[in-house]
J.: 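One structure is given below, represented as structure tokens, and several questions about it will come after.
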2 protein chains.
Amino acid sequence: MYELFFEHFTKKVALTKEEEQQIQTYLTPKKLRKKQYLLQEGDVCKAIAFVEKGVLRQYSVDEAGNEHILQFALEGWLISDLYSFLTGEPASYHIDALEDSELVLISQTAHEQLLTNVPKYETFTRLTITGAYIAMQRRLTSIISLPVEERYMGLTSLYPDIVQRVPQHMIASYMGLTPETLSRIRRRLSSQ
Amino acid sequence: MYELFFEHFTKKVALTKEEEQQIQTYLTPKKLRKKQYLLQEGDVCKAIAFVEKGVLRQYSVDEAGNEHILQFALEGWLISDLYSFLTGEPASYHIDALEDSELVLISQTAHEQLLTNVPKYETFTRLTITGAYIAMQRRLTSIISLPVEERYMGLTSLYPDIVQRVPQHMIASYMGLTPETLSRIRRRLSSQ
DNA sequence: CCGTTTCATTGATTTAAATCAATGCTTTTT
DNA sequence: AAAAAGCATTGATTTAAATCAATGAAACGG
């Protein structure tokens, strides 16, 4: 338990055994069945979740009822509605499991106490969010500057596991396309 | 000099006069004329820039030579090619001034030393990047889920100063549209 | 101050994606 | 095992945006 979490943590910031023990007391394991919600829009986001096993998605639903996937999270990724988590405001996203999943949760109070009691946790947080920020900037750049075909190819080469494990219509949603359009793009790409 | 920088800093993390003095020694002022580059694609990004006065833009150029604006930075904003700054890899973005501007620069070595010598700088950094991350997530959500009209209205209400000070075709580029399309959207919106 | 560039707008046309609709296949559920 | 639900694909049609082209206005630089 928590193996993957600490593996990722120590890849960013080295920890002594004692620090690892200390941090562990702030963590809570949680299992989620496929289709189960971790968070629903309107509720306050109570935790940052680290994925030990499985896949989650974060998405919003528009007035027409269409889902728009903002993010997937596989093993080793963190997922949360950060704004809601940090401010206590109602969440604007849903988060649910696409497969049976195992999570490590960091609650709001745990987060605050970790920040004050474990300096390395702040460093971990800073580095993690920085990496996520850079990745998202790249994604945004590709959205506003690349043709869809190249965006799809980029996705498959950067995150082949996502493309494999997630239904295609959700990939389409993540890319801001309809399932039909993505299907046709794939056909065009494979016939070349 | 540095007034706005410390105003923004202390809004996130309170500082004593001594700490402020100490941090100041790591900062460098820089002026940029309109159209001047702060960074060119391929160069290594040597600094994080805080805008004391003026407007900058960060953009990439595709094979066809089209510019795609990723971000604007007005007074009080930070701008940089973070990936290049942190890794020393060549930058994938250009950054230049849209008006005569005054900046506060934090060099790579200054950044590292501040992180180790001034704990509050790490907190400032973490909070800043977290805010930027949340803002970008919102932008991404609106791109994949809202019709362009609403995206433009959202932009004008959230950042009226950007829409006022920046040429319209650059707003179009920021939105991933052609200038003609944005012009027509504006007409549709104004005629209602 | 005048010529040049930059910029926004508008129209006509082409191109790309969304929508509507139907089908067959696979996976769940009962 | 059978029924239902979820999913990917394909075709026909509509809709939205890009492209091409031209014009007038504003800003800018020498």
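In what follows, every chain begins at residue 1, and chains take the letters A, B, ... in the order their sequences are listed. None of the values given here were measured: they were computed from a predicted structure.
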J.: Let me know, please, whether A:Pro179 or B:Gly176 comes out on the 5' side of the other along DNA chain D by nearest nucleotide.
T.: A:Pro179

J.: Check B:Thr10, B:Ile23, B:Leu15, B:Leu114 against B:Lys120 for a side chain to side chain contact (heavy atoms under 4.5 Å, CB included) and give me the one that passes.
T.: B:Leu15

J.: Are OP1 or OP2 of D:dA8 and a side-chain N or O of A:His169 less than 4.0 angstrom apart?
T.: yes

J.: Counting only side-chain heavy atoms from C-beta out, which of D:dT9, D:dA18, C:dT9 sits nearest to B:Thr178?
T.: D:dA18

J.: Do the side-chain N or O atoms of B:Thr181 get closer than 4.0 angstrom to the phosphate oxygens (OP1, OP2) of D:dA17?
T.: no

J.: Checking ring pair (Phe, Tyr, Trp, His ring centres under 6.0 Å) between B:Tyr159 and each of B:Trp77, B:Tyr152, B:Tyr174, which is the one that passes?
T.: B:Trp77

J.: How many Å lie between CZ on B:Arg33 and P on D:dG29, as a whole number?
T.: 11 Å

J.: On DNA chain C, check which nucleotide each of A:Glu149 and A:Glu180 is closest to and give me the residue with the more 5' one.
T.: A:Glu149

J.: Counting side-chain heavy atoms from CB outward, which of C:dA12, C:dA8, D:dG11 is closest to A:Arg184?
T.: D:dG11

J.: Could you state the CG-C1' distance from A:Leu98 to D:dC7, rounded to the nearest angstrom?
T.: 14 Å

J.: Round to the nearest Å and state the distance from B:Leu146 atom CG to D:dA17 atom P.
T.: 13 Å

J.: Base, sugar-phosphate alone, or nothing: which one does A:Leu182 contact when heavy atoms must sit under 4.0 Å apart?
T.: nothing

J.: Please state whether the phosphate of C:dT10, meaning OP1 or OP2, lies under 4.0 angstrom from any side-chain nitrogen or oxygen of B:Arg187.
T.: yes

J.: Over how many whole Å does the gap from A:Arg186 atom CZ to D:dA8 atom C1' extend?
T.: 9 Å

J.: Test the B:Arg138-A:Tyr83 pair against the cation-pi criterion, namely NZ or CZ under 6.0 angstrom from the six-membered ring centroid and within 45° of the ring axis.
T.: yes

J.: B:Glu149 side chain to B:Ile185 main-chain N or O, any donor-acceptor pair under 3.5 Å?
T.: no

J.: Output the single nucleotide from D:dC28, D:dT9, C:dT28 whose closest atom is nearest the side chain of A:Lys34.
T.: C:dT28

J.: How close or far is atom P of C:dT9 from atom CD1 of B:Ile185, stated in whole angstroms?
T.: 12 Å

J.: Exactly one of A:Lys35, A:Lys31, A:Lys34 should register a side chain to side chain contact (heavy atoms under 4.5 Å, CB included) with A:Asp100. Which one does?
T.: A:Lys34

J.: Provide, to the nearest angstrom, the distance between the CE atom belonging to B:Met175 and the C1' atom belonging to D:dA17.
T.: 13 Å

J.: Whole Å only: how far is the CD atom of B:Gln168 from the C1' atom of D:dA27?
T.: 16 Å

J.: Please state whether the phosphate of C:dT28, meaning OP1 or OP2, lies under 4.0 angstrom from any side-chain nitrogen or oxygen of A:Lys35.
T.: no

J.: Atom NE2 of A:His68 and atom P of C:dA18: how far apart are they, to the nearest Å?
T.: 11 Å

